[in-house]
Amino acid sequence: PGLVPQGQHFHKYKQTHSAMGNRIDDAASGIEWLVLDDSIVRSHCGSRHDAALPYSAVPACMVKLAKASNLVSWDWRLPTAIELMSLMELRAVKGAVPDHEFFVDPMFALDSGYYWSADTVAGSDNVGWMWVVGFAKSTDSLCLASPGPRPMFGDGHLAKLLLVRSRPGN
């Protein structure tokens, strides 16, 4: 696809609020995102003040979040690195050099930082190396912190949670 004119997006988002955070349904991709409130992650998963966790704490955190949700079925999971990167949209910027930028829709209200993916690093000598995707604040939106996902050792680093699931009927 070419550049998206200012104010137009590839995604078709619809946002709803839940006790766990913001749920964002993307009709274009067929997936739904759950942007967890930091306070939920801190209270149920024992994370730091910025809601970042070591990867080793993620499985137990997911179990605790499922119990806290009081839902009959919990089908949320970590996104793949590709799914995380799919949040980036390209938009044209008139009069700027370069004349385009990548951004994440502000509806997600993501903080700068790294987010865990469900993808392990193939061929890694160290068990527990996971791919993370980093986002950084630009002037008015969130952009990729690096050209793509990067490997990060699970127990040696902290990253944040963003959950995803297939939309019902997909």
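Contact between Leu65 and His44 at its shortest, heavy atoms only, is CD2-CB, 4.2 Å. Summarising the geometry of Glu32 relative to Trp76, their closest heavy-atom pair is O-CZ3, 3.4 Å, with the distance given to 0.1 Å. Here the closest heavy-atom approach between residue Ser69 and residue Met20 is recorded as CA-SD, 4.2 Å. Of all non-hydrogen atoms in Cys45 and Leu53, the two that sit nearest each other are O-CD2, 3.9 Å. Of all non-hydrogen atoms in Met62 and Trp74, the two that sit nearest each other are O-NE1, 4.0 Å. Across all their heavy atoms, Ser117 and Tyr55 have their closest contact at O-CE1, 4.2 Å.
Distance check: Leu36 CG to Arg42 CZ gives 12.0 Å after rounding to the nearest 0.5 Å. Between the CG atom of Leu87 and the OG atom of Ser29 there is a distance of 8.5 Å, given to the nearest 0.5 Å. Here the CZ atom belonging to Arg77 is positioned 9.5 Å from the CG atom belonging to Leu163, to the nearest 0.5 angstrom. Atom CD1 of Ile31 sits about 5.0 Å away from atom OG of Ser86, to the nearest 0.5 Å.
When the side-chain hydrogen bond (donor to acceptor under 3.5 Å, both in side chains) test is applied to Asp25, the partners found at least two apart in sequence or on another chain are Arg167.
Of the possible donor and acceptor atoms, none in the side chain of Asn22 sits under 3.5 Å from a partner among the backbone N and O of His17. In terms of modelled atom types and a separation under 3.5 Å, the side chain of Trp33 and the main chain of Pro79 share no donor-acceptor contact.
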Evaluate Ser18 against Leu34 for side-chain contact (heavy atoms from CB on, under 4.5 Å), listing each step before the verdict. CA-CA 9 Å; Ser18 74; Leu34 178 58; 4.2 Å; yes
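Following chains of ILVMFWY side-chain contacts shorter than 4.5 Å, one cannot reach Val63 starting from Leu78, and the two form parts of different hydrophobic clusters. Cluster annotation: Phe108 and Ile82 are assigned to distinct hydrophobic clusters (Ile/Leu/Val/Met/Phe/Trp/Tyr, side-chain heavy-atom contacts under 4.5 Å, transitive).
Side-chain contact between Ile24 and Lys14 is absent, with no heavy atoms from C-beta onward closer than 4.5 Å.
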